[in-house]
Amino acid sequence: MTGTSETRRADGRDRDAEGRARNARPRDGLGRPLPYGEAGVERAPEGVVRRPGETVTEAQTLLDAGRPFHAHEVFEDAWKSGPADERGLWRGLAQLAVGLTHAARGNTTGGARLLRRGAGTVEEWTSATGRSRPYDLDLAEITRWAGGLAAVVERDGGRVDAAEASPRLRGRTA
């Protein structure tokens, strides 16, 4: 149970330290559960409150490593703990990371759908706030990336390499 404070109870149910249900199975780099006892990748801890810049940096590191599922968890933390007026931004970025996860797993329909949904959420947030580069994020480039990858996934089918297909959150020069 690498990287978590979860335990497996005698009744076979996984629980966190507060007794809430949590899946403690190890996960692979794309977030798929592995059998108990197998070595998985380090999981991103849940419920961490980070500064926005730290969120972007950590998510980019995970994306570059081909771990978009784990990047989605980092964005989800920002979505849940950040200011209400930024929830759309972080939710959209989380959707994009999940879309990349599905595309890397070979789920072309779900991958393309979530990439487009995430891009739409980010575009809607940008339009509503007038902010196109919050925390140095290049939102125009990110939404172009998502549309392009969705088209490739639908056209070519199959799996994409998550690390190679990952976006540059702060733009091509970052």
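Below, all heavy atoms of this structure are taken into account, side chains as well, without hydrogens, waters or symmetry copies.
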> Looking only at side chains, do T121 and R116 share a donor and an acceptor under 3.5 Å apart?
Replying inline: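 No - no donor-acceptor pair under 3.5 Å links their side chains.
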
> Side-chain donor-acceptor pair under 3.5 Å between E86 and Y135, yes or no?
Replying inline: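 Checked: E86/Y135 side chains pair up, N/O donor to acceptor below 3.5 Å.
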
>> Could you check, using the six-membered ring where one of them is a Trp, whether F69 and H72 have ring centers closer than 6.0 angstrom?
In response: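 Here the rings of H72 and F69 have centres that are less than 6.0 Å from each other.
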
>> What's the separation between atom OG in S132 and atom CD in E141, rounded to the nearest 0.5 Å?
In response: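 With rounding to 0.5 Å, OG (S132) is 12.5 Å from CD (E141).
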
With a cut-off of 6.0 Å (strictly less than), are more than 12 heavy atoms of other residues, nucleotides or ligands near [atom1] of [X]?
{"X": "R133", "atom1": "CZ", "result": "yes"}
{"X": "R113", "atom1": "CZ", "result": "no"}
{"X": "E54", "atom1": "CD", "result": "yes"}

>> I'd like to know whether E73 forms a side chain to side chain contact (heavy atoms under 4.5 Å, CB included) with D77, so could you lay out the CA-CA distance, the side-chain angles of the two residues, the decisive distance to 0.1 Å, and finally the verdict.
In response: CA-CA 6 Å; E73 291 178 333; D77 285 342; 5.7 Å; no

Considering only heavy atoms from C-beta outward, does the side chain of [X] approach that of [Y] to under 4.5 Å?
{"X": "L93", "Y": "V56", "answer": "no"}
{"X": "W90", "Y": "T55", "answer": "yes"}
{"X": "P68", "Y": "F75", "answer": "no"}
{"X": "V41", "Y": "R67", "answer": "yes"}
{"X": "R170", "Y": "T57", "answer": "yes"}
{"X": "T101", "Y": "R105", "answer": "yes"}
{"X": "L100", "Y": "V160", "answer": "yes"}

With a 3.5 Å distance limit and no angle check, can you tell me whether [X] reaches the backbone of [Y] through a side-chain donor-acceptor pair?
{"X": "R25", "Y": "L34", "value": "yes"}
{"X": "E124", "Y": "A119", "value": "no"}
{"X": "T143", "Y": "A140", "value": "yes"}

Between [X] and [Y], what is the shortest heavy-atom contact and its length?
{"X": "N107", "Y": "G110", "result": "OD1-N, 2.8 Å"}
{"X": "L139", "Y": "P134", "result": "CD1-CD, 3.6 Å"}
{"X": "L63", "Y": "S166", "result": "O-OG, 2.8 Å"}
{"X": "D64", "Y": "R168", "result": "OD1-NH1, 2.9 Å"}
{"X": "A162", "Y": "L30", "result": "CB-CD2, 4.1 Å"}
{"X": "P26", "Y": "P35", "result": "CG-O, 3.4 Å"}

>> Show, in sequence, the C-alpha distance, side-chain angles and deciding distance for R50 and E58, and conclude whether the salt bridge (Lys or Arg N to Asp or Glu O under 4.0 Å) test is met.
In response: CA-CA 10 Å; R50 300 169 185 85; E58 186 165 344; 2.9 Å; yes

Are [X] and [Y] joined in one hydrophobic group, where the rule is that I, L, V, M, F, W and Y side chains link up if heavy atoms are under 4.5 Å apart?
{"X": "L115", "Y": "I142", "value": "yes"}
{"X": "W145", "Y": "L114", "value": "no"}
{"X": "L96", "Y": "V153", "value": "yes"}
{"X": "W79", "Y": "V122", "value": "yes"}
{"X": "L169", "Y": "V74", "value": "no"}

